[in-house]
Each structure stands twice: as structure tokens, then as C-alpha cells.
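Only one structure is covered here, and it is reproduced in the block below.
Chain naming here is simple, since letters A, B, ... match the order of the sequence lines and numbering starts at 1 in each.
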Number of protein chains: 4
Amino acid sequence: MSTSASAVRLSGVVPPLVTPLTASYDVDTASLVRLVSHQLAGGVSGVFVLGTSGEGTFLTDEQRRTVLEVVVGEVAGQVPVLAGAIDTSTARAGAHVVAALKAGVDGVVATAPFYAATHPAEISLHFERLASVADGVPLYAYDIPPRIGGTKLPSSLLISLGERGVIAGVKDSSGQETSLRRLVLDRAAAGLDGFAVMTGSELTVDSALGFGVDGVVPGLGNVDPAGYVRIFDAVAAGDFAAARSEQNRLFRLFEVVDVADRGRMGASSAALGAFKAALFLLGVIECPLTAYPSIPLDDDEIARIGSLLARAGLL
Amino acid sequence: MSTSASAVRLSGVVPPLVTPLTASYDVDTASLVRLVSHQLAGGVSGVFVLGTSGEGTFLTDEQRRTVLEVVVGEVAGQVPVLAGAIDTSTARAGAHVVAALKAGVDGVVATAPFYAATHPAEISLHFERLASVADGVPLYAYDIPPRIGGTKLPSSLLISLGERGVIAGVKDSSGQETSLRRLVLDRAAAGLDGFAVMTGSELTVDSALGFGVDGVVPGLGNVDPAGYVRIFDAVAAGDFAAARSEQNRLFRLFEVVDVADRGRMGASSAALGAFKAALFLLGVIECPLTAYPSIPLDDDEIARIGSLLARAGLL
Amino acid sequence: MSTSASAVRLSGVVPPLVTPLTASYDVDTASLVRLVSHQLAGGVSGVFVLGTSGEGTFLTDEQRRTVLEVVVGEVAGQVPVLAGAIDTSTARAGAHVVAALKAGVDGVVATAPFYAATHPAEISLHFERLASVADGVPLYAYDIPPRIGGTKLPSSLLISLGERGVIAGVKDSSGQETSLRRLVLDRAAAGLDGFAVMTGSELTVDSALGFGVDGVVPGLGNVDPAGYVRIFDAVAAGDFAAARSEQNRLFRLFEVVDVADRGRMGASSAALGAFKAALFLLGVIECPLTAYPSIPLDDDEIARIGSLLARAGLL
Amino acid sequence: MSTSASAVRLSGVVPPLVTPLTASYDVDTASLVRLVSHQLAGGVSGVFVLGTSGEGTFLTDEQRRTVLEVVVGEVAGQVPVLAGAIDTSTARAGAHVVAALKAGVDGVVATAPFYAATHPAEISLHFERLASVADGVPLYAYDIPPRIGGTKLPSSLLISLGERGVIAGVKDSSGQETSLRRLVLDRAAAGLDGFAVMTGSELTVDSALGFGVDGVVPGLGNVDPAGYVRIFDAVAAGDFAAARSEQNRLFRLFEVVDVADRGRMGASSAALGAFKAALFLLGVIECPLTAYPSIPLDDDEIARIGSLLARAGLL
């Protein structure tokens with residue numbers, strides 16, 4: 001099917017960009033341009049838009065188009081741009097794939113169907129159809145069970161999709177380190193060289209790179225892309241002590257997601273609100289608002305995020 | 001906000017219509033017309049399109065429009081037509097509300113946001129915005145935790161939304177009989193007369209009507225609307241023994257959802273495939289296919305559904 | 001195996017007695033005697049000791065013996081006494097069965113094994129062995145998934161155990177009304193007349209009796225046994241309106257379990273602490289303490305429980 | 001409280017010994033003696049009896065005593081012997097602590113209470129009481145949420161218990177790598193030098209040691225203790241490539257737990273049956289039976305385990 005899928009294996013640090021919003025909930029394109037610059041200056045290997053961190057499922061089709069156009073234009077081929085095509089079903093995700101391709105992205109990323117409960121055989125058909133729509137542009141499977149009703153993409157299915165050229169890799173946000181490691185071993189056993197395995201965890205990057213993962217898609221990388229690049233480079237250089245030390249610093253920085261009062265807002269609002277507050281404090285984006293109907297962080301919470309940034313040496 | 005919300009309290013049997021498809025996965029409008037006739041002949045009090053049974057989350061925007069237009073046209077005001085506006089976020093569900101209103105529906109039905117995990121305060125904002133978009137057309141909350149990451153709509157939130165005129169009622173598909181009963185008691189305590197409480201369970205309708213629920217939105221009602229109407233009428237007449245006997249017959253008929261081999265397909269495919277197979281065997285729809293990428297039932301499975309229909313006196 | 005199992009089918013109201021404790025965490029036998037009197041005066045059909053409400057899993061073997069002896073002695077054959085034999089494995093539960101038989105109980109009640117995850121085939125062996133130990137004294141299966149790692153006893157397994165004379169019935173505390181109803185229908189289909197189906201839910205007794213359940217084992221029945229007996233009698237007399245009204249009153253009384261601050265204590269402590277506080281306020285037991293290490297309710301919480309008792313007409 | 005708790009921090013490889021049984025379900029003491037020799041020859045730093053792998057919750061009190069006496073006697077002080085004191089409540093676990101102390105163990109290991117749902121404040125009281133019973137013998141917390149109804153021991157609670165000298169460390173079988181890493185970082189922040197953090201995962205030992213865990217309690221270590229010791233020694237020597245390679249070999253060997261037909265038996269039976277089958281094939285134990293009512297592996301399954309042992313270089 002997709003022949004370019006195995007061309008270059010994705011690797012390194014590919015942050016899932018947040019979508020900066022204005023006070024009236026429009027896409028803040030000027031802030032988005034600055035966010036892209038912040039990432040490129042940090043040395044990232046790619047960027048991923050309209051994912052979970054990008055609040056893709058909150059945005060209208062028109063807002064999604066704006067994000068795609070701004071980022072593809074601003075990145076201008078310096079690194080690959082991946083786009084989320086996350087929706088409840090094949091037909092609906094397929095429409096997002098079409099829009100992303102039109103905008104000129106270098107790869108698309110899709111979950112299994114959700115809302116309806118599906119079977120691996122159905123998930124396989126889903127990715128096959130999406131790959132056909134993607135028409136040669138690499139398609140990545142996004143494994144994020146907690147968001148899609150618990151559906152976990154089995155290693156055997158992912159390897160099979162890779163062997164058949166349907167997908168070019170996987171972003172694993174399952175939080176299940178042993179299944180991630182199994183996937184790495186299964187990939188080796190299958191001789192599947194072009195298949196990328198990226199972890200979505202901010203907290204175990206040194207370990208994951210150590211056992212053979214190719215890279216990371218860290219939400220916290222919005223805030224400190226250079227930190228994640230340092231982990232990647234340290235592991236590549238065999239300096240595990242340096243990688244561990246940097247990971248530990250970022251582990252503590254990740255405490256920003258626990259700042260907001262969970263009695264007032266959901267987990268998504270708290271985490272994405274924290275990333276946006278940090279970017280706001282760093283001067284990268286102009287407004288820390290998360291998408292409607294997410295409750296925003298208050299001034300005190302934002303100030304506490306400032307303290308954590310300072311502790312991590314970023315402010 | 002919505003003033004008409006308290007106009008007439010929804011009640012009775014309001015089946016969530018399946019969406020008949022052709023072999024090429026287009027909406028089969030002729031079959032849909034026959035399905036509407038089958039429902040009206042069964043004596044239903046309303047119909048609900050583009051819900052979970054309607055595979056709304058599988059359909060493209062265009063297919064959804066087709067369903068809305070055909071059903072609104074065919075029902076022609078004989079009973080209310082409710083439409084699902086089920087999507088991941090307020091903005092995206094709001095677009096479905098707009099489309100449903102344009103088609104002339106009598107009510108819209110929305111879940112809490114999903115994919116992202118939200119807080120009750122955020123869910124409240126979500127329904128407030130949707131009610132504002134609905135602009136006087138009654139909005140119903142759809143409580144279906146297993147499909148939306150486990151989010152349960154608390155009784156206190158639903159009552160508060162009712163008291164503020166945001167929602168006109170709830171369809172409870174939580175499967176939690178005690179929380180449903182609490183809602184009925186809380187409604188009475190709040191004196192919330194115009195607020196409809198409908199159960200989505202096929203299996204406990206006599207009990208639920210017995211403790212004060214107003215009606216039922218049964219997926220199995222696609223197949224045997226008249227059976228559910230008989231339960232409703234029996235309870236209304238105080239004949240609990242007749243209601244129980246009819247419910248028990250339909251309880252056994254519901255075994256159609258267990259016919260398909262769950263090693264081959266997901267739970268949605270098995271249940272909706274069963275309803276469609278039954279309608280196919282009854283001559284109501286022309287093709288039993290469920291939406292892509294759902295695996296279809298095979299001939300043997302369809303034959304076994306025929307046996308269950310015969311046992312229930314329908315074939 | 002057990003021949004007496006099918007002798008008399010258990011039915012009616014069989015409260016799961018709490019275990020009154022002294023301030024030094026000994027079994028308070030004088031309070032336990034009063035609790036038995038309270039139950040018999042309420043018109044119960046039986047009592048169940050050392051179940052979940054009885055904090056059986058908290059007590060030492062010696063404390064358990066004390067409970068058994070006091071209750072068997074005080075009941076003195078007026079109604080059946082059932083005893084929990086709840087432990088992690090067959091061997092350990094079997095030892096409790098032996099102790100209960102020695103004390104002269106009329107039936108024993110056991111869950112599936114827990115801690116280790118087991119298969120239905122293993123659960124079947126478990127009950128077979130326990131029935132063999134029970135040696136003719138009726139054995140009841142206790143279906144309470146949330147307490148035992150989610151293990152649900154399938155209807156097919158229960159019916160099979162009933163047909164083979166292994167168990168004399170089931171106490172269903174699964175909270176799953178549809179599976180409970182399926183069990184009732186499956187029992188009828190199997191012609192299993194001697195097999196008792198009791199619900200453990202305090203909140204749906206009128207409905208459950210309405211669809212064919214034999215009786216109820218309500219924790220709240222410790223507090224108001226007469227109320228549950230009135231529901232049972234009303235349903236038996238075909239007066240569903242009276243049953244519903246009484247159930248609604250007890251539904252509201254059940255709010256006692258929500259009084260305690262769940263930020264300070266677990267769900268078990270809050271619920272059992274509430275029942276004990278109510279019995280303390282009613283003068284039945286002398287000390288409202290729950291078993292170590294449960295956090296006790298404070299004075300303010302106990303006072304609020306008093307208000308709920310007053311609202312329910314009990315104080 | 002316990003002063004010796006901080007004496008020597010537990011570390012290295014401490015396998016949780018299986019309990020060999022005879023065909024009549026007695027403890028096979030001769031096999032148990034050989035298993036201890038197998039472990040000591042493998043270079044382990046300690047052994048842990050009556051844990052999950054030891055089927056402690058299946059055994060009678062008398063069988064537990066036999067295990068304790070045989071292992072303490074055979075180890076004869078060469079390495080520490082830890083004993084599980086796993087039961088539903090403080091009082092019941094406390095009785096196991098007493099029995100273990102009597103047998104002369106060097107440490108005891110307890111979970112939070114289970115069956116009843118408890119609060120961290122109650123879990124804290126639980127461990128305080130057990131430490132008091134243990135009377136100076138180190139007490140370790142056992143974090144194994146899936147077995148005890150989902151209760152996870154929070155890092156803050158564990159650190160607090162460590163700071164107060166209640167526990168000497170934790171065995172983490174939560175499978176949550178990020179919470180395990182948080183615990184390691186929290187321990188460092190608290191300056192809690194004598195507090196041991198051991199992972200219970202067979203599959204991520206190199207990573208866990210890499211980020212600061214002290215050792216491992218691997219069920220698979222029953223079969224290949226020397227392999228786990230090689231991982232430990234390689235990490236200690238800074239040879240991460242060797243550690244990774246050995247971990248990968250053992251990762252694949254762990255596939256023994258997937259051999260048994262899960263349609264016939266539970267997960268516990270399949271995993272422990274596999275370890276016992278491997279030890280049987282290696283000539284260490286005489287009979288591969290798991291505790292009643294566990295279904296045993298059949299001959300074909302045992303043969304397939306032999307193939308995996310051969311592939312791993314053990315047969």
C-alpha cells in the first residue's frame with residue numbers, strides 16, 4: 001500500500017503542539033508561530049499538531065485547517081509535520097486525513113475508532129482504509145487507551161499493520177512500559193526496520209530510549225523541548241547518567257499538571273492548562289486559555305506554575 | 001433560556017432508529033422510510049435518530065443530513081423526532097445541533113464531551129452552550145458512561161440543568177438502576193415537572209416505569225416497537241403482571257445481541273448487526289450491514305437470529 | 001451432594017447483621033443480643049452474620065466464633081441463621097464453614113476465591129469443595145464483584161451449581177439488575193424450584209421482588225428491618241404502590257451512607273459506620289465503632305445521621 | 001518504632017518462592033528444600049515466601065507454618081528470609097506476622113487491607129499496628145493494586161511511613177513505572193536512606209535499576225535466579241548493554257505465562273502453573289500442581305514451556 005512508509009524512520013523529539021487560543025477561543029496564529037519557533041530553536045526532530053495536547057477533538061474543522069496551514073507554513077520543511085486525524089470512526093477520521101494532506105503534512109496520526117467498541121479485526125480495517133486515503137503519506141497508529149474507552153492496540157496487530165505497509169509506526173501513550181517493550185522486541189523479531197516506535201510518556205524517556213524506542217512525543221516538550229533533546233542526545237552518546245539526570249529534572253517539572261485544583265476542572269484542563277500557563281509565562285503564547293468548555297487556571301495556580309518553571313531553571 | 005423545554009414532557013416508547021445502509025455503505029433511504037413506517041405502526045411516541053443505535057458517530061456529515069431529512073419528512077409531525085448531536089466537544093456537537101435544527105427536528109440529544117476527560121463544571125458549560133445553539137428546541141442529556149470514557153452525569157448536575165431550563169430531560173443508558181431511581185426521586189423533590197426521565201435499557205422497562213420513569217428508548221424497539229408499547233400501556237393501566245410478562249419475552253428476544261461470534265467482531269457490531277439482521281428478516285430493511293469498519297454477521301448467525309424472532313412470535 | 005439444599009427455599013428479609021464492637025474492639029455481645037431482638041421484632045425471615053456488613057473479614061477467628069455462638073443462641077431457631085465463610089481461597093473459606101457448622105448455623109454463604117484471579121471452572125470446584133465440607137447444610141453463593149477484584153458469578157455457572165445441588169441459592173450484591181433478572185428467568189427455564197435468589201441491594205427491593213426475586217439481604221435492614229418487611233409484604237399482597245412508597249422512604253434513609261466525610265475514611269467505614277451510628281442512636285448498640293483500622297464517624301456526622309433517622313420517622 | 005528497620009537496606013534479587021505441592025495438595029517439603037538450594041546457587045540476595053507467587057492466600061495456617069519452617073531452616077541465615085503476611089484486615093494479617101516471627105524470618109511483607117475498601121488514613125493505621133506486632137523485624141509494604149481491589153499505595157503515604165520508621169521499604173508490583181520512579185525521587189528528596197524500593201516486575205528490571213530501584217522480586221526468578229542476578233550485577237558494573245540483553249532474554253522467557261489456555265483457567269493458575277512446570281522440567285520440584293482449586297496445565301502446555309526453556313538456554 002503506502003511505499004514511502006518505510007522511507008525514513010521517525011525518531012527523536014516530536015512534541016505534540018498545544019493550540020494557542022485567544023480570549024475569544026479563536027486560534028491565536030501569532031502565538032502558534034512563536035510556538036513553532038520555540039520548538040525549532042529547541043532542536044526538535046518534528047512537530048505533531050492536532051493531537052491530544054493540541055486539543056484537536058475540541059476544534060472545529062475550520063480551526064483545524066488554520067492550525068495545519070500555519071504550522072506547515074512556518075515549519076517550511078525544516079522538520080516533518082505530523083497531524084492528528086482523531087475522530088470516532090473511519091469515515092470521520094478519513095475526512096481529517098484529507099484535510100491534513102491538503103495542507104501538506106508529512107504524516108498523519110490516528111487512533112482506533114471510539115465511542116463504539118471495536119474489535120482488532122475492525123481496527124485493522126480502519127487503519128487500512130485510512131492508509132488508502134493517506135495515499136503514500138505515512139500513517140501512524142496512536143495508542144491511547146484511556147481516551148478511547150480502554151481500547152489497547154495489541155502488539156501483534158501493530159506489527160501486522162507494519163508488515164503490510166499500512167502504518168509507518170506507532171505513538172504509544174498507553175503508559176504500559178511492558179507492552180511498549182514487547183513491541184520493540186516484536187519489531188526486531190519481525191525485522192521491521194522502517195517501523196517507528198515513539199513513546200508518548202514525558203516521564204520515562206531515558207528508560208524507553210534505553211530499551212530501543214526511537215523517540216518521544218512529550219506534551220511537556222511544548223514547554224522545554226531542549227530538555228527532551230538533551231535526553232535523546234545523551235542516550236545516543238551512551239551517557240545514561242546525564243540522560244537520567246535530565247529526565248529527573250523534567251519528571252519534577254511535570255508536577256505542573258498537578259497544580260490546578262482538580263475539584264474545579266478536569267484532568268485535561270489541568271494538564272493542558274499547565275502547559276499553556278508555562279508557555280504564557282515564558283512569553284511564547286499570549287493567552288493561557290484552554291478550549292471551551294475547559295475551566296481555566298486561576299492566577300494563583302499560574303503563579304505556582306511559575307515557581308516550578310523557576311525550580312527547573314526555565315524562568 | 002429554552003422556554004419550550006418544559007412545554008410537553010417526553011414519554012412513552014421512543015426507539016433509537018438504526019441507520020439502514022446499502023451494500024456500498026450509503027444510507028438506504030427506502031429502507032429508512034420503511035423503518036419509520038414500522039415504528040409508527042408499532043405505536044411509538046417518538047423516534048430518535050443518529051444515536052448510538054443509529055451509528056451516528058460512524059456517519060459523515062452528509063450521511064447524517066440524509067438521515068435527518070428522510071426521517072423528519074417521513075414522520076411528518078405525527079410524533080416528535082429527536083436527533084443525536086454526539087461528538088467529542090461542544091464546538092463539534094454544536095455543529096450537529098445546527099444541522100439537526102435545519103432539518104426540523106423536535107429535540108436534540110447530546111452526551112458530555114469525550115476523548116478529553118471533563119469535570120461536571122465543564123459539562124455544565126457544555127450543555128449551556130448547546131442549549132443556546134438549540135435556541136428553544138428541547139435539549140436532552142444522554143448519559144452513557146461506557147461509551148464516553150466512564151463519565152457519569154451526576155443527578156445533582158442533571159437536576160440543576162433542568163431547573164435552569166438548560167435541558168428538558170435525560171436519556172439514561174448508564175445501566176445503573178439505583179442512580180436512575182435517585183434521579184426520579186430528586187426530580188420529584190425539586191418539583192421539576194417538565195423534566196423527562198427516559199431509560200435506555202431494553203431489559204428493565206416495567207421496573208423503571210414502575211418507579212416513575214417516563215418512557216424508554218430501546219434499541220430492540222427497532223425490531224419490536226409494539227412490544228415495548230404494550231409494556232408501557234400495561235403499566236399505565238396498572239397491570240404489572242402483563243408488563244412483566246411482556247418484558248420477560250423481550251428480555252429473551254434481546255439474546256439476539258449474543259448471537260454473533262465476539263471473537264470476530266466488537267460488541268457494537270454484534271448488537272447493531274443483530275437488530276439490523278432482525279429487521280432484514282422481517283422485511284423492513286434490505287441489507288443487514290453495519291457501518292464500516294464493523295464486521296458483518298454471517299449467514300449462520302443471521303439464521304439463528306431468525307430462530308429467536310420466531311421464538312418471540314415475530315416470524 | 002447436599003440433599004437438604006432444596007428443602008425450603010430461602011425468602012423474605014434476611015438482614016446482614018453488623019457486628020457491634022466495644023471501645024476496645026472486642027465483640028460487644030450484649031449489643032449483639034439487642035440487635036438480634038431488634039431484628040426479630042422487625043419480623044425478619046432470617047439473619048446473616050459475618051458477611052460484608054458484619055465486617056467478617058476484619059475479625060479474628062475467635063471473634064467470629066463469638067458472633068456465631070451469640071447469634072445462634074439468641075435466635076434459638078426462631079428463624080434461620082446464615083453465616084459468611086468469606087476468605088481468599090477454598091481451604092481458608094472451608095475452615096470458616098467448619099466453624100460455622102460447629103456453631104449450629106442453618107446455612108453458609110461464600111464468595112468466589114479472591115486475591116488470586118480465578119476462572120469459572122475453578123470457582124465451580126471451589127463451591128463443590130465447600131458444599132462437601134458443609135455436608136448437607138445449605139450453601140449460598142455470594143456475588144459481590146466490587147469486593148473480590150471484579151469477579152462476577154455468571155448466571156450459567158450459578159444455575160449449573162444449583163442443578164447439581166451444590167448451592168441452594170445466591171445472594172446477589174452485584175448491583176447489576178439485568179444480570180439478576182436473567183438469573184431469575186434462567187432459574188425458571190431450568191425448573192430449579194428450590195434455588196433462592198436474594199438481592200443484596202437496599203434500593204431496588206420492590207422492583208426485584210416484582211420480577212421474581214425471593215427476598216433481600218439489606219445492610220440498611222440492620223436499622224429498619226420492619227421497613228423492608230413492609231415492602232416484602234406489600235409486594236406479596238400485590239400492593240405495588242405501597243411497596244414503592246416504602247422503598248422510596250428507605251431509599252432516602254440510605255443517604256446515611258453519604259454523611260461521613262469520604263476525604264477522611266473509606267467507603268466501607270462510611271457505610272457501616274452510618275448503620276452502626278443509627279443503631280447507636282436507636283439505643284440498639286452501645287458503641288458505633290467500626291473494626292480497626294476503620295476511621296470512626298465524628299459527633300457531627302452522627303448527629304446528621306440522627307436527622308435522617310428522624311426524617312424517616314425512626315427517631 | 002522499629003529501630004532495626006533502617007539497619008541494612010534490602011537490595012538485589014529476592015525471588016518470591018513458589019510453594020511446591022504434592023499430588024494431594026500438601027506442601028512438598030523436599031521440593032521446597034531443592035528450590036531453596038536452586039535459589040542460593042543462583043546467587044540471590046534473599047527469598048520471599050508466602051507471597052502471591054507462593055500462593056500464600058491459598059494455604060491453611062498449618063501449611064504456611066510448614067513453609068516458614070522449612071525455608072528458614074534451609075536458608076539458615078545465608079540470606080534474609082522475608083514472609084508474606086497477606087490477609088484481608090489488620091487483625092488477620094497480624095496473626096500471620098506473629099507466626100512468621102515465631103519461625104524466625106528476617107522481614108515481613110503486607111498489603112493494604114482488602115475486600116473492604118479503605119482510605120490511606122486507614123492503611124496507615126494498618127501498617128502502624130503491624131509494625132508494632134513485628135516488634136523491630138522490618139516490615140515492607142506490598143503494593144499490588146490488581147489483587148486488592150485496585151488500592152494503590154500513594155508515594156506520599158509510603159514515604160511518610162518510612163520517615164516514621166513504620167516500614168523499611170516497599171515491594172512495588174503495581175506495574176506503574178512512573179509511580180515507581182516518583183517514589184525513588186521522593187525517597188531521595190526525603191533523604192530516606194534506609195528505605196528499600198524493590199520492583200516486582202520481571203520485565204523492566206534493567207530500567208528500574210537504572211533509575212534507582214534497589215532490587216527486584218521476580219516470580220520468574222524462581223526459574224532463573226541467575227539470570228536476574230546477572231542483570232543486577234551488569235547494572236552495578238555500569239554495563240547497560242549487557243543488562244538489557246539479559247533482560248530481553250528473560251522478557252521472552254516470561255512468555256511461559258501465556259502458554260496455558262486461558263479459556264480453561266485463570267491468570268494466576270496460568271502464570272504460577274508455568275513457573276512450577278518450568279521448575280518441574282528443570283528437576284527442581286517433583287510435581288507442577290498449583291493450589292486447589294487452580295486448574296493444572298496439561299501435558300502439551302508443559303511441553304511448550306519446555307521449548308521456551310530450551311530457547312532461553314535453560315534446558
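Interface residue D:Asp87: only side-chain heavy atoms are found under 4.5 Å from chain C. Contacts of D:Thr111 with chain C are made by side-chain atoms alone, with heavy-atom separations under 4.5 Å and no backbone atom involved. Proximity to chain D (any heavy atom under 4.5 Å) is restricted, for C:Ile144, to the side chain, taken from C-beta onward. Heavy atoms of D:Ile295 lying under 4.5 Å from chain C belong to its backbone as well as its side chain. Heavy atoms closer than 4.5 Å to chain C are found in the side chain of D:Ile86, but not in its backbone.
Under 4.0 Å is where a charged nitrogen must lie from a carboxylate oxygen, and between D:Lys171 and D:Asp143 no such pair does.
Just one of D:Leu161, D:Leu158, D:Thr90, D:Leu157 meets the side chain to side chain contact (heavy atoms under 4.5 Å, CB included) condition when paired with D:Ile123; it is D:Leu157.
Contacts with chain C were tallied for D:Arg264, D:Gln63, D:Glu122; D:Glu122 has the most, counting heavy-atom pairs under 4.5 Å. Listed options D:Ser268, D:Ala291, D:Ala95, D:Pro120 were ranked by heavy-atom pairs under 4.5 angstrom with chain C; first place goes to D:Ser268. Here C:Gly266 is the residue among C:Ala270, C:Ser269, C:Gly266, C:Gly150 with the most heavy-atom pairs under 4.5 Å with chain D.
Relative ring orientation between C:Phe254 and C:Phe275 is described as tilted, the plane-to-plane angle lying within the 30° to 60° band. Between C:Tyr115 and D:Phe114, the ring-plane angle classifies as tilted under the 30° and 60° cut-offs.
Under a cutoff of 6.0 Å and an axis angle of 45°, D:Arg129 and C:Tyr292 form a cation-pi pair.
Of the possible donor and acceptor atoms, one in the side chain of D:Glu202 sits under 3.5 Å from a partner among the backbone N and O of D:Leu220.
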